[in-house]
*Asks:* 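Could you have a look at this structure, given as structure tokens, before my questions?
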Amino acid sequence: MVTLAPTRLRPRDVLRVGGAGLRTRPLRVFLSALGIAIGIAAMIAVVGISASSREDLNRQLAALGTNLLTVGPGQSLFGDDSHLPAEAEGMIGQIAPVTDVSATGKVPNTHVYRNDKIPSGQSGGIAVLAGRTDLPQAVGAAMSAGVFLNDATATYPAVVLGAKSAERLGVAAPGEQVWLGGGWFTVVGLLAPVPLAPELDTAAVVGWPVATSKLHFDGYATTVYTRSDERYVNDVRAVLAATANPAAPNEVQVSRPSDALAAKQATDATLNGLLLGLGAVALLVGGVGVANTMVISVLERRAEIGLRRSLGATRGQIRTQFLAESLLLSLLGGAGGVALGILVTGAYAAYQEWPTVVPAWVSLGGAGATLVIGGLAGLYPAIRAARLSPTEALAAP
């Protein structure tokens, strides 16, 4: 007696029979694949946009430098405001790895206005600062127009406006005059935005000598900016407080502006987590759509299943056919989702003028997620189809 073994389906045959089932219902297949695509695209876009933003931040920090440290007065043990010693800048400059030192001092009870007709209460939130002439070099500032203060102009009523200050005062070019501290000051320069010292964006900077002689400035620095060798930044940071104020180092505050930028970037993590959660929900909905499509496909194709079983197809071959359909459907949505996610990331990054970064792991992870979803969504319909006997399937209306 000869026993006939069932013919094995080659991989090419599995793809052919699986694809044939999808081609007969294009609209339903499209809608189910769309659910998968939206979920994958959401995940890739969230990770890609976050990675692009981080890369832009890294480039900014690389260009601006992470070796800027600021020193400012804190409070005494009794909660009173303290001030840095007048010798603080000179002492900080004696630290071996320090390359640049500059400072600003807040001029109290002094405001700047567009003209002398503006009510005193409408100061626009612009601070008046006394500044050293080497301030731009220390903070990495650039001029958008005009020049910064020098040894000559620092002794005269001349002022340099920060980017936002110029906008609020309506000053578009050097040469104009503003009403500052009860007198006219000539604008000699406009600063471009200063990422590592944003307090300068909303300030009007005057020379240290003229602030002392005309604006009742006490001469104490309120912020000392220092640059040091990249290799020794942490070492410098550890001794800055004691160097600036040896008598009371606990009354000195030392900060690293680049850390503030990094912290600002880190605050996006919560929003990213929320968006990833929404993407996961969309992915789950897409998986439900795939499962629904496959269950309906089994119900609609019972006659086909019965005919194939009566012609010798095994339960395993029927199960493989429907599982292949589910995987192909999910992969179709996954491929579209990966492409859509990369496209959205690239478009948003281009709009923000960021470099486009889509980590390879997220694209591979998206493709892997579609396989898992396709397998889980198609497993039950495939098993159900395989359990149908030929007579039951052929007898179905």
*Asks:* Start with the C-alpha gap between Val358 and Ile44, add the side-chain angles, then the distance that decides, and say whether side chain to side chain contact (heavy atoms under 4.5 Å, CB included) holds.
*Replies:* CA-CA 8 Å; Val358 179; Ile44 290 179; 4.1 Å; yes
*Asks:* To the nearest 0.5 Å, tell me how far Ile126 CD1 sits from Leu161 CG.
*Replies:* 7.5 Å
*Asks:* Is any side-chain heavy atom of Leu240 closer than 4.5 Å to one of Ile95?
*Replies:* yes
*Asks:* To check you understand the geometry: which heavy-atom pair defines the closest contact between Ala166 and Leu190, and what is its length?
*Replies:* CB-CD2, 3.9 Å
*Asks:* Side chain of Ser165, backbone of Ala203: donor and acceptor closer than 3.5 Å?
*Replies:* yes
*Asks:* Quick one: do Thr104 and Val205 satisfy side chain to side chain contact (heavy atoms under 4.5 Å, CB included)? Show the steps, please.
*Replies:* CA-CA 8 Å; Thr104 59; Val205 183; 5.6 Å; no
*Asks:* Please indicate whether Asn115 has more than 12 foreign heavy atoms, meaning atoms of other residues, nucleotides or ligands, lying under 6.0 Å from its CG.
*Replies:* yes
*Asks:* If I compare all heavy atoms of Tyr113 with all of Pro119, which pair ends up nearest, and what's the gap?
*Replies:* CE2-O, 3.5 Å
*Asks:* Any chance you could measure His111, atom NE2, to Asn109, atom CG, to the nearest 0.5 Å?
*Replies:* 6.5 Å
*Asks:* Any side-chain to backbone donor/acceptor pair from Thr243 onto Val239? Under 3.5 Å, distance only.
*Replies:* yes
*Asks:* Transitively linked via ILVMFWY side-chain contacts under 4.5 Å: Tyr351 with Val357?
*Replies:* no
*Asks:* Work out which heavy atom in Ser102 is nearest to a heavy atom in Arg132; give both atom names and the distance.
*Replies:* OG-CB, 3.3 Å
*Asks:* Let me see the working for Asn234 and Arg256 under side chain to side chain contact (heavy atoms under 4.5 Å, CB included), right down to the final yes or no.
*Replies:* CA-CA 10 Å; Asn234 291 330; Arg256 192 173 186 174; 3.6 Å; yes
*Asks:* Does any part of the side chain of Ser53, heavy atoms only, come nearer than 4.5 Å to the side chain of Trp354, both counted from C-beta?
*Replies:* yes
*Asks:* Could you list the residues that satisfy ring-ring contact (aromatic ring centres under 6.0 Å, His included) with Tyr156, not counting sequence neighbours?
*Replies:* none
*Asks:* Could you tell me whether Asp116 atom CG has more than 12 heavy atoms of other residues or ligands within 6.0 Å of it?
*Replies:* yes
*Asks:* Locate the shortest heavy-atom distance separating Ala158 from Val188; write the atom from each residue and the value.
*Replies:* CB-CG1, 3.8 Å
*Asks:* Would you compute the distance between atom CE of Met43 and atom OG of Ser363 and round it to the nearest 0.5 angstrom?
*Replies:* 13.5 Å
*Asks:* Hey, is the main chain of Gly162 close enough, under 3.5 Å, to the side chain of Asp201 for a donor-acceptor pair?
*Replies:* no
*Asks:* On a heavy-atom basis, which atom in Lys106 and which in Leu129 lie closest, and how many Å separate them?
*Replies:* CA-CD2, 3.7 Å
*Asks:* Main chain of Leu343, side chain of Thr345: is a donor-acceptor contact present, judged purely on distance under 3.5 Å?
*Replies:* no
*Asks:* Taking the side chain as every heavy atom from C-beta outward, state whether Met143 and Val160 have any pair of such atoms under 4.5 Å apart.
*Replies:* yes
*Asks:* Under the 3.5 angstrom rule, does the side chain of Arg227 hit a backbone N or O of Ala138 as a donor-acceptor pair?
*Replies:* yes
*Asks:* Mind listing the closest non-hydrogen atom pair of Ala130 and Ala211 along with its distance?
*Replies:* CB-CB, 3.7 Å
*Asks:* Going by the rule side-chain hydrogen bond (donor to acceptor under 3.5 Å, both in side chains), which residues pair with Gln137 if we only count those two or more places apart in sequence or in a different chain?
*Replies:* Asp100
*Asks:* Looking at Asn150, is its backbone amide N or carbonyl O close enough to the side chain of Thr153 to form a donor-acceptor pair, meaning the two atoms are under 3.5 Å apart?
*Replies:* yes
*Asks:* Can any side-chain N or O of Thr223 pair as donor or acceptor with the backbone N or O of Gly72 at less than 3.5 Å?
*Replies:* no
*Asks:* Are Leu84 and Val236 in one and the same hydrophobic cluster, where Ile, Leu, Val, Met, Phe, Trp and Tyr link if side-chain heavy atoms are under 4.5 Å apart?
*Replies:* yes
*Asks:* Could you go step by step and tell me if Tyr225 and Leu68 meet the side chain to side chain contact (heavy atoms under 4.5 Å, CB included) rule?
*Replies:* CA-CA 7 Å; Tyr225 302 93; Leu68 176 64; 4.0 Å; yes
*Asks:* Can you tell me how far CG of Leu329 sits from CZ of Phe30, rounded to the nearest 0.5 angstrom?
*Replies:* 12.0 Å
*Asks:* Please check: side-chain N/O of Ser52 versus main-chain N/O of Gly48, any donor-acceptor pairing under 3.5 Å?
*Replies:* yes
*Asks:* Do Tyr220 and Val206 belong together in a cluster built from hydrophobic side chains that touch within less than 4.5 Å?
*Replies:* no
*Asks:* Does any N or O in the side chain of Thr226 come within less than 3.5 Å of the main-chain N or O of Val101, such that one atom is a donor and the other an acceptor?
*Replies:* no
*Asks:* For the CD1 atom of Ile92 and the CD atom of Glu87, what is their distance to the nearest 0.5 Å?
*Replies:* 11.5 Å
*Asks:* How long is the straight-line distance from CG of Leu328 back to CG of Leu332, given to the nearest 0.5 Å?
*Replies:* 8.5 Å
*Asks:* If you group Ile, Leu, Val, Met, Phe, Trp and Tyr by side-chain heavy-atom gaps below 4.5 Å, do Phe148 and Val210 land in one group?
*Replies:* no
*Asks:* Considering only distance and modelled atom types, tabulate donor-acceptor pairs under 3.5 Å from the side chains of residues 167-181, sequence neighbours left out.
*Replies:*
unit_1 : atom_1 : unit_2 : atom_2 : d
Arg168 : NH1    : Gly124 : O      : 2.8
Glu176 : OE1    : Arg114 : NH2    : 2.4
Gln177 : NE2    : Thr186 : OG1    : 3.4

*Asks:* Is there a path from Leu196 to Val233 through hydrophobic residues (I, L, V, M, F, W, Y) whose side chains come within less than 4.5 Å of each other?
*Replies:* no
*Asks:* Hey, is CD on Glu230 packed in by over 12 heavy atoms from elsewhere, all under 6.0 Å?
*Replies:* yes
